[in-house]
There are 2 protein chains.
Amino acid sequence: MANDEAQTRIQRLNRARILDAGLETFSTEGFSGATLDAIARAAGMSKPNVLYYFPSKEAIYDAILQRMLETWLDPLRALDAEGEPVEELLAYVKRKLHLARDYPVESRLFAGEILRGAPNMIDRLSGPLREMVDMHCGVIRAWMEDGRIAQSDPHHLIISIWALTQHYADFEVQVRAVLGKKRDPWAEAEAHLEMHFRRVLSE
Amino acid sequence: MANDEAQTRIQRLNRARILDAGLETFSTEGFSGATLDAIARAAGMSKPNVLYYFPSKEAIYDAILQRMLETWLDPLRALDAEGEPVEELLAYVKRKLHLARDYPVESRLFAGEILRGAPNMIDRLSGPLREMVDMHCGVIRAWMEDGRIAQSDPHHLIISIWALTQHYADFEVQVRAVLGKKRDPWAEAEAHLEMHFRRVLSE
DNA sequence: GCATTATTTGACCGCCTGGTAAACTGGACG
DNA sequence: CGTCCAGTTTACCAGGCGGTCAAATAATGC
């Protein structure tokens with residue numbers, strides 16, 4: 001038998017196709033609403049073939065969450081302690097907003113999982129994610145103590161960035177409904193958030 | 001036959017019990033994940049009895065959404081144009097935050113419906129809700145033109161209030177995971193948001 | 001009391017679901 | 001050619017789903 005690591009070209013391809021199809025399906029239908037048939041159809045293969053690559057529906061879901069957290073959150077790791085604080089944080093907001101804009105599907109899947117109480121993700125939240133946030137908070141707190149940005153709770157500052165950027169992706173229908181059809185939510189959001197956080201951060 | 005309006009005491013009671021049970025079930029399981037059996041069990045009656053009061057699962061869901069929007073959003077209608085602008089808006093933030101804190105189930109159901117693209121709510125979003133928001137924006141815009149609060153886009157200001165307050169309810173698991181077990185998200189959120197918006201609104 | 005109507009339920013149906021078994025395909029290697 | 005095996009599919013199953021029906025039970029009006 002092949003060992004764990006060995007994967008043929010076709011295996012990698014089909015696994016990826018299933019994960020892509022599942023991402024789309026789970027994010028729009030929810031975990032219960034998504035059916036294996038729908039995922040298989042979206043992946044362009046038969047249902048048993050899907051189950052040839054993954055042991056169960058939940059295994060697909062878990063694999064999607066894992067892949068997402070590994071790749072999706074990557075641009076958020078950097079927060080340069082040596083940079084100019086305000087510009088550094090505004091760049092962070094911008095990166096996060098673009099992440100939400102360019103990967104709304106991932107954003108919604110993430111939101112859906114958390115809405116349900118994060119049954120398949122809670123350990124990653126209080127593990128890796130929390131460490132990342134705590135690291136950021138260390139940098140931010142230092143900036144605050146040096147008087148380079150306004151004082152506030154670093155954790156809640158991060159939370160507010162996440163809340164505002166995610167909102168434009170997750171609640172896009174509501175945002176569009178409230179703004180009307182002729183406006184461009186994402187462009188406006190970028191301008192508004194820059195000004196918004198400039199005020200929040202300025203001493 | 002009884003006309004449309006006539007409802008016996010027991011009808012009102014049981015309809016309400018079903019809506020309460022459905023609210024709980026739908027918000028934690030999602031529309032597809034919630035089963036009529038689960039709703040019936042939560043309401044303390046048999047499944048056919050539930051379907052005696054509502055023609056279908058979706059009818060229950062719609063009725064819940066309607067009741068929710070009518071009662072849940074009520075405290076947000078008021079925005080006194082005669083009051084002191086900053087305090088008026090901070091009071092609005094506080095009301096919205098307490099709404100999220102005291103009715104997290106409603107908040108999550110609302111969020112879940114919007115995540116899915118608001119298939120059963122889109123008309124209410126672009127109708128009544130939008131009118132309410134536009135009204136608020138009128139008051140806010142007047143305040144800005146009088147130079148009583150800082151200039152920004154009123155719609156996005158409202159959106160930012162909604163985003164930040166909803167986030168603490170809808171993403172409560174994540175907030176708790178990031179903050180750690182010993183902290184009190186809601187108390188901290190209230191303090192942080194007051195300071196946050198004071199800065200955003202101050203000239 | 002009785003008749004009538006409103007409410008409740010157990011039994012049931014057809015459909016769809018996640019998942020399985022076994023057979024089939026096509027290329028690699030001898 | 002035949003063997004082998006990763007990859008794929010057809011046929012299928014047991015259980016759960018939303019929903020129906022007819023019969024039983026409680027209220028209600030007289």
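Below, read A as the first sequence line, B as the second, and so on, with proteins coming before strands; counting in each chain starts at 1.
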B/S/- along nucleotides 8-16 of chain D (protein heavy atoms under 4.0 Å) is BBBB-----
Here the distance between atom P of dC12(C) and atom CG of Asp37(B), to the nearest Å, is 17 Å
Between CG of Leu13(B) and C1' of dT8(C) the distance, given in whole Å, is 14 Å
One thing to verify: whether Glu194(A) and Arg199(A) come together as a salt bridge, which I'm taking to mean a side-chain N less than 4.0 angstrom from a carboxylate O.
no
Q) At under 4.0 Å between heavy atoms, what does Ala34(A) touch on the DNA or RNA strands: base, sugar-phosphate, or nothing? A) sugar-phosphate
For Phe171(B) together with Trp162(A), are the ring centres under 6.0 Å from each other? no
Rounded to whole Å, CD of Gln11(B) lies from P of dA27(D) at a distance of 14 Å
note: Ile39(A), atom CD1; dT17(C), atom P; distance rounded to Å ~ 11 Å
Residues passing the salt bridge (charged side-chain N to carboxylate O under 4.0 Å, His left out) test with Asp80(A), sequence neighbours excluded, are none
The side chain to side chain contact (heavy atoms under 4.5 Å, CB included) partners of Arg17(A) (sequence neighbours excluded) come to Leu13(A), Asn14(A), Met45(A)
Taken to the nearest whole Å, CD1/Ile60(B) to P/dG19(D) is 8 Å
| said: Do Glu188(B) and His156(A) pair up side chain to side chain, a donor and an acceptor below 3.5 Å, judged on atom types alone? | reply: yes
N-O pairing of Asp37(B) and Arg41(B) below 4.0 Å
no
Check: Contact class for Leu36(A) (heavy atom, under 4.0 Å): base, sugar-phosphate, or nothing?
Finding: sugar-phosphate
When rounded to whole Å, the CZ to P distance for the pair Arg41(A) and dG18(C) reads 11 Å
In whole angstroms, the gap separating C1' of dT17(C) from NZ of Lys57(A) amounts to 8 Å
